[in-house]
Protein chains: 2
Amino acid sequence: MPMPGNGTTKQLPGCEACFARVNRGLCGDCQPGSPCAVASYKTADREYKVGQDLFSLGEPCDSIFNLLEGWVILYNILDDGRRQILHFALPGAVLGFHPGGGAMMTYGAQALTDIVVSTIPHKALQPIVSQQPEFGLRLAWLVARDCTLAYDRLTSIGRHSARERVAHLLLKLFVRCRAQWPGSHIEEMNLPLTQEDIGDATGLTFVHVNRVLRDLRKDRILEFHYRRLRILDPDKLVDVAGLDPQLVMSWIR
Amino acid sequence: MPMPGNGTTKQLPGCEACFARVNRGLCGDCQPGSPCAVASYKTADREYKVGQDLFSLGEPCDSIFNLLEGWVILYNILDDGRRQILHFALPGAVLGFHPGGGAMMTYGAQALTDIVVSTIPHKALQPIVSQQPEFGLRLAWLVARDCTLAYDRLTSIGRHSARERVAHLLLKLFVRCRAQWPGSHIEEMNLPLTQEDIGDATGLTFVHVNRVLRDLRKDRILEFHYRRLRILDPDKLVDVAGLDPQLVMSWIR
DNA sequence: CGTTAAGTTGATCCTGCTCAAGGTCGGTGG
DNA sequence: CCACCGACCTTGAGCAGGATCAACTTAACG
């Protein structure tokens, strides 16, 4: 059985043909065999290699993407080359739905692992919702979830210490991965991140991330070495991340 | 004629009865006199005074709000009382659309001025989209716009200096207000913010915000005193904010 | 005119950045 | 099997941007 977060995905029951086969978020009504409005508009699955861009900052993008396998980062690059990671997208995510569909993207999307996606052109959205009215609401729901995650990070970066930020990021990623594998009780997983990625997501330098990780290791809270995360003391981690233990439990169950 | 940002709003043409009468984002098809699916589900207009909460962190909220007049902040409070402002909502905004409708809110919403809102219960969303399929897509579009703004702030807080962050915030607010009043060419406006609010939005202390504002004033870029913003040198401001002048122009026109 | 919220300024401290040098891992080719 | 290389991790020394603490000033409002 594959480990959570190693790039493979769980197949949920439901519409195997349609755009949203890994998550029922977009397309919860489809049953195998029944007609699906999305299926006729989506493209075939497409693969991208690590490091490839799905779309880029400042360039137009006329499709939305459904991530079927692997990890993707959304990011911004500044003039001086510094980078801010905005979001880690996991299988099931919808990417590139942008205000003013087809307009310039205000951020880029890059494959963090080898990935598989399928796409729907923006101009197909209108026809889809007229056939399947819940689709729009489900899309809104998914975008709202990403927005909530962004607010969460905003709070973390704006008001927490380096230690809290790193703990918060790793804990959230751990929980999100584990949510894809309910029932798994492994406190160890592959995170396809470098320490530089962690820095770019938390607004820190990789040098300082390294020191924070050393301290967290010294305190026997977690270990992160070469893309492998091991959580030694979940309770302490939740505490350091500044989160409510009960809230975290509600995510897991 | 009222100044931009003083809490009053422009009435756009369209459906005067429905939920979304200040913006055509949610309900672009309604024509005066024609039936409107939203109108039959929304509540009457409701007023809130400055400082009142529309909904609170950790409490359930079973409705979405359409902001008709005034300003609202979305915010998070930490255990130690520190605050992070996540978003400034202007008239036309939709608030409280949350993943898992009706569940615990992960942030609060507070009136920054006296405001007027109307609401739709979450459970009315399904019936509305079945009568008016584009509604869901429009909702998704609005949420995506907020998400993009959040990503913008994330980059600003994560990777910019204090000076850049303050400049960026004020410029963006200015542009967003002015977008509500196309044609206006006033470089002066009321922003219903304290320096503490600016600090809580940019991840700085109000003491440091004060010093940054002093420097920006000294450099004759802008003046911000007692909730009044005057932009002295728009070009320099765009430069300090680290934004592309052409991009900014595209927002204005 | 008194009260209160908000703005202002200085002195000092500390978290996290910068710069720099070395170490470790994993893959590749001989 | 080993040498090499590039990407990534690790650690130290010194610095600086912004925080903290504290005192005072100004504006708004009844």
Side-chain angles (χ1 to χ4, degrees), chain A residues 49-51 78 80-85 110 112-114 156-170 190-218 222-230 240 242, chain B residues 6 49-51 73 78 80-85 110 112-114 156-170 190-218 222-230 240 242:
Chain A
K49 289 284 169 196
V50 194
L78 278 61
D80 61 8
R82 288 190 303 173
R83 183 177 65 153
Q84 176 68 43
I85 293 181
Q110 188 173 76
L112 203 57
T113 64
D114 292 349
S156 180
I157 296 188
R159 290 297 183 217
H160 284 148
S161 69
R163 185 181 169 93
E164 289 170 314
R165 288 188 231 174
V166 171
H168 187 268
L169 177 73
L170 292 179
N190 290 322
L191 280 185
L193 306 183
T194 64
Q195 297 188 358
E196 187 163 13
D197 293 330
I198 296 176
D200 287 347
T202 52
L204 301 166
T205 58
F206 68 91
V207 176
H208 199 65
V209 168
N210 183 278
R211 290 190 233 271
V212 169
L213 288 174
R214 169 170 35 77
D215 294 346
L216 290 171
R217 194 187 329 133
K218 201 187 60 203
L222 61 79
E223 288 173 0
F224 182 81
H225 273 295
Y226 293 94
R227 301 185 179 167
R228 187 145 199 88
L229 171 69
R230 180 201 302 253
V240 172
Chain B
N6 61 358
K49 290 283 169 198
V50 194
I73 50 167
L78 277 60
D80 60 9
R82 289 189 304 173
R83 183 176 66 151
Q84 175 67 43
I85 293 182
Q110 188 173 78
L112 203 57
T113 63
D114 292 349
S156 180
I157 296 188
R159 289 298 184 215
H160 284 146
S161 70
R163 185 182 169 93
E164 290 170 315
R165 288 188 231 174
V166 171
H168 187 268
L169 177 72
L170 293 178
N190 290 322
L191 279 186
L193 306 182
T194 64
Q195 296 186 0
E196 187 163 13
D197 293 331
I198 297 176
D200 288 347
T202 51
L204 301 166
T205 59
F206 68 90
V207 176
H208 200 65
V209 168
N210 183 280
R211 290 190 232 270
V212 169
L213 288 174
R214 166 169 40 75
D215 294 346
L216 289 172
R217 192 185 330 129
K218 203 187 60 202
L222 61 81
E223 287 173 2
F224 181 80
H225 273 295
Y226 292 94
R227 302 185 178 163
R228 188 145 198 87
L229 171 69
R230 181 200 300 251
V240 172

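Numbered from 1 within each chain, the chains take letters A, B, ... in sequence-line order.
Proximity note for A/Thr194 (side chain, C-beta onward) versus D/dC9, D/dT20, C/dC17: the nearest is D/dC9. Side chain of B/Tyr226, nearest nucleotide from C/dG7, D/dT11, C/dT9: C/dG7. Closest to the side chain of B/Val207, from the set D/dC9, D/dA19, D/dC21, is D/dC21. Picking from D/dG18, C/dT8, D/dT20 the nucleotide with the shortest atom distance to the side chain of B/His208 gives D/dG18.
Taking CZ of B/Arg214 as the start and NE2 of B/His208 as the end, the distance is 10.0 Å to the nearest 0.5 Å. The line from CG of A/Asp200 to CZ of B/Arg159 is 4.5 Å long, rounded to the nearest 0.5 Å. Atoms NE2 and CZ, from B/His168 and B/Arg163 in turn, are 15.0 Å apart once rounded to the nearest 0.5 Å.
Rounded to an integer number of Å, the gap from A/Arg214 CZ to D/dG12 P is 7 Å. If you measure from atom CZ of A/Arg165 to atom C1' of C/dG16, you get 9 Å, rounded to the nearest angstrom. Taking atom CZ on A/Phe206 and atom P on C/dT18, their separation rounds to 10 Å, with Å as the unit. We find that CG of A/Asp215 is positioned 11 Å from P of C/dG16, with the value rounded to whole Å. Following rounding to the nearest Å, A/Leu204 (CG) and C/dT15 (P) show an atom-to-atom distance of 14 Å. Atom NE2 of B/His160 and atom P of C/dC17 are 15 Å apart (whole Å). In this structure, the CD1 atom of B/Ile198 is 16 Å from the P atom of D/dG18, given to the nearest Å. Residue B/Leu193 contributes atom CG, which lies 14 Å from atom C1' of C/dG7 at whole-angstrom precision.
The phosphate of D/dC8 has neither OP1 nor OP2 within less than 4.0 Å of any side-chain N or O from A/His225. Within the structure, every side-chain polar atom (N or O) of A/Asn210 is placed at least 4.0 Å from both OP1 and OP2 of D/dC9. For D/dA19, one of the phosphate oxygens OP1 or OP2 lies less than 4.0 angstrom from a side-chain nitrogen or oxygen of B/Thr205. For the OP1/OP2 pair of D/dA7 and a distance below 4.0 Å, the side-chain nitrogens and oxygens of A/Gln195 include no atom meeting the criterion.
In the interface, the side chain of A/Arg211 is paired with the base of C/dT18 through a donor and an acceptor atom under 3.5 Å apart.
Counting only heavy atoms from C-beta outward, the side chains of A/Phe224 and A/Ile198 approach each other to under 4.5 Å.
Across all strands shown, A/Leu213 has no heavy atoms under 4.0 Å from either base or sugar-phosphate atoms. If you check every strand for non-hydrogen atoms under 4.0 Å, A/Arg227 touches sugar and phosphate atoms only. Counting non-hydrogen atoms under 4.0 angstrom, B/Gly199 reaches nothing in the nucleic acid.
In terms of heavy atoms, B/Pro192 sits closest to B/Asp197 at O-OD2, 4.2 Å.
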